[in-house]
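Throughout, a chain's letter reflects where its sequence line sits, starting with A, and its residues are numbered from 1.
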Amino acid sequence: MSSARPPRDPHSTSDVSRRGFLKGAGIAAAGTVLAARSALAQSEGPPGLTRHGPGPTPIELTVNGAAQRATVDPRATLLDVLRDQLNLTGPKEVCARGSCGGCNVMLDGVVVNSCMTLALDAAGAKVKTVEGLAAGDQLDPVQSALCKHDGLQCGYCTPGFVVAIRSLLDRNPKPTAADVREACSGNICRCGTYPKVIEAALTAAGVQVAVGNVADNASVCIESEGGRLDAPQKVTGRARYTTDVNLPRMAFAQILYCPFGRATVKSADRDAAAAVPGVLEVVLNEKEFKYCGQPCGHIAAETRHALDEARLRLNVQWEIGTPVVDPVAEHQARHGPIPPELKKSGAGEKVTAALGDARHVVERVYQTQIQTHACLEPHAAVADHRGEEGEMWVSTQANIVIHGEAANAMKLDRSKVRTHCEFVGGGFGSKFGIDAEGRLAAELSRKFSRPIKVVNNRKREHLDTGCRPGSIQYMKFAAGEDGVPSAGQVHVVGVSGLGGGGDASNPDHYEFGEVARTFSDLDLSVGHSRPMRAPGKPQGMFAVDSFVDELAETAGVDPLVLRKSIDSNRTRKRMYEIGAERIGWASRPKPDGAGTGRFRRGVGVGVSNWGNGQGNASVGIHVHRDGTVKVLCGTQDIGTGVKTLLADVVADQLKIDRARITALTGSSEYPPGPPSGGSVTSRSVAPAARDAAEKARAKLAELSGMEVTDGESWIAACRKMGEESFSVVGSFNKAYWGKGGSEAVQFAEVEVDTHTGIVRVTKVVALQACGRPVNRLTAENQVIGGVIQGVSYALFEEKILDPVTGAMLNPNLEQYKILGPSDCPEIIPILWAEGDDLGVRAIGEPPVVPTAGAVANAIANAIGARVRSLPISPAKVLAALAERGGVA
Amino acid sequence: MIPYEFVSARSFEAAAQLLAESRRGDVLLKAGGIDVVDRLKEGLDRPKVILNIRGLRPARADAIRSGDAGLTIHALATLTEINENEAVRRDFPAVAAGTRKPATPQVRNVATLAGNLCQKPRCWYYRSLDFRCLKKGGDRCYSVAGDNRYHAVFGAGACHIVAPSSAAPSLIACGAVLRIGRFADGKLTERTLPIADFYRVPTNPQDDEWQLGHDELILDVTLPTSAAGRHSAYVELKEKQSFDWAMASCAVNLNDRAAPRIVLGAVAPIPWRLPKVEQLIAGQKLTDALIAEARRAAVADARPMTHNGYKVTLAGAVLEHALRAADEGA
């Protein structure tokens, strides 16, 4: 092949070992090595071959402009070498199978998945990682645009997007939005930041961005333009997550699990697994395992290759039993038919009577799937037990919880243990403890007296780190001429793993009159549920909002008119008006399915609310003589922007420049802050930060003898104070706490391909009450992310169980489908601020709630047929259309 | 992964010689590595030797050459190089689409044409180490009693996989010819094979769905000038528009109206040619009535399983869309 490139491999293991060639040999010597190699190869088999391994082999490559040498196992991927040997931890291992783009790097100028590139294939190549894009402090235009537009949340996927976009702009300096979507179509962001990423990419290219996402209430924001405080760390790959922690002498461990819904170990080759060089221990328990993903032991080893090899050599064979996977059959067996009979007394009796007299009776069953959190950073922990003291890094959304758990697991006093989680790659409710991963790391670190790292692979992450339970929701209501329900029956079936937790918020938010409600929790042979962003709400409101539309359809009234008469919330009543105008409600097909042609447009609506509980928080402030301020809180920033909020709030309270403030979170050494659950973090931390700021002001006034009112007097007073620095701690202070709930209304517009059943959500108008938005960019980002997760839940995501064995069939990011850039609707977040109080309200969870209902209603409006089961796949849309007798 | 020796070939001849001197199963041929690394990571393949031919990738300018016979694409041309090539886009729009639609930009930058044609199926039972299915020497196809929403609706034997290659339907529709090499008589010897004859449902499910000896490798693929023109198209239907596998796809070539070629993808264990539909529309003007008849004829012998009846509807729909797109022309 005259056209073939010269082979990359400049040398072979055998050469190197025999000649010690690599000592002092640079890349320039490659030609010499090649010649020597050919001569040698003749005697070892066919000519024209270069052999490496098995066993470590040296390679040379250029990374970010610098020549690098590494000794690699032939099994190592380029990603392994970058992260484990060159300490370039910007590229992340997320799916590990080329489905998500988290590991993107440039290889000889083109973007590739470094997780699917063997290190030996990169020998002699030029590699550029996210770390190589900035020139010192000078960010690449893509990086600065992502900071400016807040095109990130948790930041775990960000390095992959940066590289994908940089690669696009290198080839196409003036891309369209469609070009950006396509270039990023191999990247997944679980937080749902695509619209901001696309805006940023266009800005980086100097393309005029049509600003469709500016919130109506932007003017009331406290800090409307300041970007996310830690964005520069995230866009450069400098942010260190738990998975990025590498310590000297660190070993690795992995939890083994039962892959079927019910099974016992038939055989396993423990000796072969233990014999793999580098393996520290192999533990496999034998009993009956009762769900898919249930831990059954672990392996510990000195390298990740040994760990993986031992897993394969262990070769566990299973005796597969009969799992519980069919919720309908299980309900029938345990609780009888759906629905249960109404009671002959109380609410049941009243409902029976009302159903008998009703003008309309509407009876429907809705079903929702099991959704997994699918955090891009898997559950992970590193434990370093040093005898008298210990240290742990855990990917968590509850620093305050993990500290105590870490001390317990390490069997050390709490005061001797430090825990850390400055950055976490998504939690969504699944990371409230050190969990099995942390316990194993702690136990083994104590046992082997060395640091131990446990990082879940993607499969275990899907199987057994929590889920949003599925549901079956039966609703039967009596309604009047106008569709207004007067009484009815609701039966909710929770579909989840052992331990239940599957209730859905049905009925909710609307006035349904007298309701006879029952609930049964089923224990399927799947991993346990854990809270997932607004637990119980998206599944409940999918059914509730679908049902309200079905009441309206039955009565022949406009669904929005019906909502206004059964929704007593005053804020939402106004949101209906504004949202309807923004989405074009008036031009929706009437009746449902009234359009023509292959593609049908439809519009639907869904709602939510969120209570506003208060959480405890402490915030520390160090004030320094040069006028700079360090704000510390032991809570964590899961991507919501807590660090940014701390800085914005303190700057606002003290009227000083935010650039003087450093905010830090994520350590047991800081004043304790709340877990990130129930959407309380911002609303608890903000009042404590204001309280701390006021205490700092008072203390400074006392120390300096000056009045401190603004930035100028602050600096003057700091210079004048007698101390080098001082500290104060603030705590929750009701004076700065906002009242009221977080109402939400979302309008979705869809386009349905009636030939194929493929649904595209084209636009979502998301109205979200938020109290006083502290930072417009991060607040909008929360709303947008909620909508995107909601659309993904409505259309794509599903934990698919094998009906025979109970195995999860899609434990990856390829067939567990998460919405990508090309599926992302235009989203218009409308931050709904009322009054002038300084209170911050919950916005973490409520925006994910209304979306699925709104999308389902829009689809029904478009095609005149309803899908009552999530996800709304093309197969289900086609079935609904066929049931209706095809399209007009 | 289990340790292996990594052997890089500096020529096709060297690679072929090693294959010829090795036992079947000992050596795993790797080009871009997208499918191979996936299988190694799952533990499905545990070769003694990875025979790496990735280093034989041609320079971009040499990946696709125009000659008397037509357009010749190097076996190791990447999908990106193919779909960005001017001549491919102009003369073989179906092939351009068939190499642009699949996977992701970063995968297409690495995935080679030969690798795409010879990738193993994506069946979730086959791809999981936990299921010892027919294709892995087991005693049953788990999809039959299991979840078969993405499985075959045409032509399945005991094993219900679907052909995963998105390039293959277009190449068949465009009459591509493979040049295949093996080491014999002390040198690389070649044979040619129309890609239309390349795929066969194997009698033994453990065998590949393509006709390649264990000592053979694809050298290049030629798109004949006779099939060129703007009237070819490839359409893919996916649940998700960002990276996803097709539920159904269709390649159509109408450049020779008297001898149209139509191939469905992702619905059968091999790319599913529709000879009856080809006969039906040969020489005909594509009216709405004829297209409706074509749709009926296309799915007349469909055999859906318990969860994939919708794929029969999609097969008809994607056929219609591809027919109309090819008729209109790129």
Side-chain angles (χ1 to χ4, degrees), chain A residues 1 3-5 7-9 45-55 74-75 96-99 101 104 110-113 116-118 120-121 164 182-183 185-186 259-260 305 308-309 312 755-758 796 800 802-804 807 809-810 815 817 819-823 873-875 878-879, chain B residues 1-14 17-18 21 33-34 37-38 40-41 43 46 50 52 54-59 62 74 80 103-107 109-110 124-125 128 130-131 142 145-147 149 237-245 247 310 313-314 317-318 320-321:
Chain A
M1 292 300 301
S3 64
R5 278 181 196 159
R8 285 230 185 91
D9 314 53
L49 300 176
T50 311
R51 296 173 178 275
H52 297 276
R75 296 169 289 180
R97 299 293 182 92
S99 308
N104 280 355
V110 299
V111 57
V112 305
N113 297 116
M116 299 299 276
T117 305
L118 293 177
L120 285 168
D121 274 327
E182 168 56 29
S185 64
F260 301 108
H305 293 297
D308 189 51
E309 183 182 344
L312 293 173
H755 284 193
T756 64
I758 294 172
F796 304 125
I800 301 173
D802 180 45
V804 178
L809 295 174
N810 55 342
Q815 280 159 321
K817 300 185 181 184
L819 181 147
S822 298
D823 305 280
S873 62
L878 288 174
Chain B
M1 299 183 211
I2 303 294
Y4 50 74
E5 189 182 9
F6 186 89
V7 179
S8 285
R10 292 199 292 278
S11 66
F12 275 131
E13 184 174 271
Q17 187 178 354
L18 182 65
E21 293 172 2
I34 297 293
V37 172
D38 191 56
L40 290 172
K41 283 188 171 187
R46 303 176 187 191
I50 298 280
N52 186 37
R54 181 163 159 150
L56 305 183
R57 272 172 53 179
D62 298 327
H74 193 285
T80 301
T104 69
Q106 50 272 42
V107 166
N109 282 341
V110 173
W124 46 30
Y125 297 102
S128 166
D130 302 323
F131 292 96
Y142 284 86
D147 191 315
R149 69 183 73 183
L237 300 178
K238 304 188 284 195
E239 289 186 334
K240 195 160 72 98
Q241 304 317 306
S242 306
F243 169 50
D244 201 356
W245 294 88
M247 298 178 283
Y310 73 101
T313 309
L314 292 183
V318 77
E320 175 175 343
H321 301 164

Check for a donor-acceptor pair, side chain of Asn109(B) on one end and backbone N or O of Val112(A) on the other, with a separation under 3.5 Å.
no
So, taking the atom named CZ in Arg97(A) and the one named CG in Asp38(B), what distance separates them when rounded to the nearest 0.5 Å?
4.5 Å
Measuring heavy-atom distances to chain A, does Val107(B) have an atom under 4.5 Å in its side chain, in its backbone, in both, or in neither?
both
Donor-acceptor pair, distance only, cut-off 3.5 Å: does the side chain of Thr104(B) make one with the backbone of Ser185(A)?
no
Below 4.5 Å from any heavy atom of chain B, which atoms of Leu878(A) appear? Answer side chain, backbone, both or neither.
side chain
Can a donor-acceptor pair be found, under 3.5 Å and without considering hydrogens, that links the side chain of Gln106(B) to the backbone of Asn104(A)?
no
Nearest 0.5 Å please: distance from the CD atom of Glu320(B) over to the NE2 atom of His755(A).
5.0 Å
Between Asp823(A) (side chain only) and Gln241(B) (backbone N and O only), is there a donor and an acceptor less than 3.5 Å apart?
yes
As an exercise, state the distance from OG1 of Thr756(A) to CD of Glu239(B), rounded to the nearest 0.5 Å.
11.0 Å
Side chain of Tyr4(B), backbone of Pro74(A): donor and acceptor closer than 3.5 Å?
yes
Distance, nearest 0.5 Å, that separates CD of Glu309(A) from CE of Met1(B):
11.5 Å
Side chain, backbone, both or neither: which part of Glu13(B) has a heavy atom under 4.5 Å from chain A?
neither
Main-chain N/O of Lys240(B) paired to Lys817(A) side chain as donor or acceptor, under 3.5 Å:
no
